[in-house]
Amino acid sequence: MTTLTFHKYQGTGNDFVMLDDRARQFDEHNHALVRHLCDRRLGVGADGLVLLRNHPEFDFEMVYFNADGYVGSMCGNGSRCTVAFAKQLGVIQDKVRFQAADGPHDAHIDADGLVHLRMHDVLGQQEIEDHGVFLDTGSPHLVRFMPSSSLVDLNVFAEGRAIRYSDLFREKGTNVNFVEAPAAADQPWQVRTYERGVEDETMSCGTGVTAVALAASRRGASSPVHLRTRGGDLRVSFEPRPDGTFTNVYLIGPARRVYGGTIDV
């Protein structure tokens, strides 16, 4: 039996088990162990697990696993939490350049403790008939705009799962975001997300709200876009290009340590 030291972080309710793996002792191929640590009854409990590792060219490397035990694609909230974790460990101060699943990212922590994560440029959006708008923000996302007052009672698990496993997305899967436009310009866009890999609704999804903000820009939303998830508020700033792509995309929000401890595995 081995004792692991862990830290629990959350970014607007999207929660993660964080491991300091700079000594590279964690077996990343042990999918059952990752699932166990993310299990909310038998382990620590989280939407995903993150290894923080040394990297020869960057401040650190982030290795992200979904709760299903397998390495995932880019995770926006997980990245913001890893930046906060790296500062806690003394690996960085307030500015960082790190390696993630989709390549290098820059980030900084402002005076209010909010993490500003620069995302990669996004190549516009694809309209998919009868489904919504598809974008890749480091992870694949379908954005479906919903009628007013429909999100409260929506069965996100059932509706999201049906789309995620539909014939259209069966090969690679997709995350699914259900969005409600604000009644007034000074109010936030409401977002609920079904996440691939977690295979359930999560309290928040960073790459998801990024996709929503960019899709909403075609419906009158201007940067920065204020978005509200079940776990809290996020902002996304960006610059649209004439060719339909987006650059200088930033995901902005809190990332907080919840607790730390040890677990025998």
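Computed from a predicted structure; not experimentally measured.
Between Glu57 and Gln99, the closest side-chain pair of non-hydrogen atoms is not below 4.5 Å. When side chains are defined from C-beta on, Gln125 does not count as touching Val143, because their heavy atoms never get closer than 4.5 Å. Residues Tyr259 and Phe6 meet the side-chain proximity criterion, which asks for heavy atoms closer than 4.5 Å. Using a 4.5 Å heavy-atom cutoff, the side chains of His105 and Met62 are not in contact. Put simply, the side chain of His120 does not reach to within 4.5 Å of the side chain of Val249, judged on heavy atoms. Side-chain contact between Thr82 and Phe16: absent, with no pair of heavy atoms (C-beta onward) separated by less than 4.5 Å. Under the 4.5 Å side-chain criterion, counting only non-hydrogen atoms from C-beta, Glu180 is not in contact with Phe145. Between Phe26 and Leu33, some side-chain heavy-atom pair lies under the 4.5 Å cut-off.
Taking the six-membered ring for Trp, Phe98 and Phe60 have ring centres closer than 6.0 Å.
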Just list the side-chain donor-acceptor pairs under 3.5 Å for residues 34-43, sequence neighbours left out, or say none.
from: Arg35; atom 1: NH1; to: Asp68; atom 2: O; distance (Å): 3.2
from: Asp39; atom 1: OD1; to: Arg41; atom 2: N; distance (Å): 2.7
from: Asp39; atom 1: OD1; to: Leu42; atom 2: N; distance (Å): 2.8
from: Arg40; atom 1: NH1; to: Asp15; atom 2: OD2; distance (Å): 2.9
from: Arg40; atom 1: NH2; to: Asp15; atom 2: OD1; distance (Å): 2.8
from: Arg40; atom 1: NH2; to: Asp15; atom 2: OD2; distance (Å): 3.3
from: Arg40; atom 1: NH2; to: Asp47; atom 2: OD1; distance (Å): 3.1

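Ion pairing between a basic and an acidic side chain is recognised when a charged N comes within 4.0 Å of a carboxylate O; Arg53 and Glu28 show such pairing. A salt bridge is defined here as a Lys NZ or Arg NE, NH1 or NH2 lying under 4.0 Å from an Asp or Glu carboxylate O, and Arg97 with Asp106 meets this definition.
Looking at Arg170, its side chain does come within 3.5 Å of a backbone N or O of Tyr165 through a donor-acceptor pair. Checked by atom type and distance alone, the side chain of Asn248 never pairs as donor or acceptor with a backbone atom of Phe238 at under 3.5 Å. Side-chain N or O atoms of Lys8 include none that pairs as donor or acceptor with a backbone N or O of Ala46 at under 3.5 Å. At distances below 3.5 Å, not a single donor-acceptor pair connects side-chain atoms of Thr193 with backbone N or O atoms of Glu195. Between the side chain of Arg80 and the backbone N or O of Pro254, at least one donor-acceptor pair lies under 3.5 Å. Between the side chain of Thr137 and the backbone N or O of Thr207, at least one donor-acceptor pair lies under 3.5 Å. In terms of modelled atom types and a separation under 3.5 Å, the side chain of Asn77 and the main chain of Cys81 share no donor-acceptor contact.
For the pair Met1 and Asp264, the tightest heavy-atom approach, listed with the atom from each and the gap, is SD-CB, 3.3 Å. Contact record, Asn177 with His141: ND2-ND1, 2.9 Å, taken as the closest heavy-atom pair. Heavy atoms only, all atoms of each residue included: Leu123 and Thr245 are closest at CA-CG2, 3.8 Å.
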For Asn66 and Tyr64, what are the C-alpha separation, side-chain angles and deciding distance, and is it a side-chain hydrogen bond (donor to acceptor under 3.5 Å, both in side chains)? CA-CA 7 Å; Asn66 285 313; Tyr64 170 69; 3.1 Å; yes

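Side-chain atoms of Ser139 and Arg196 form no donor-acceptor pair, as typed in the model, at a separation below 3.5 Å.
Heavy atoms from other residues, nucleotides or ligands lying under 6.0 Å from CD of Gln187 number more than 12.
Taking the ring-ring contact (aromatic ring centres under 6.0 Å, His included) definition, one finds that His226 meets it with nothing, sequence neighbours left out. In this view, Arg230 and Glu201 satisfy the side-chain hydrogen bond (donor to acceptor under 3.5 Å, both in side chains) rule, not counting sequence neighbours.
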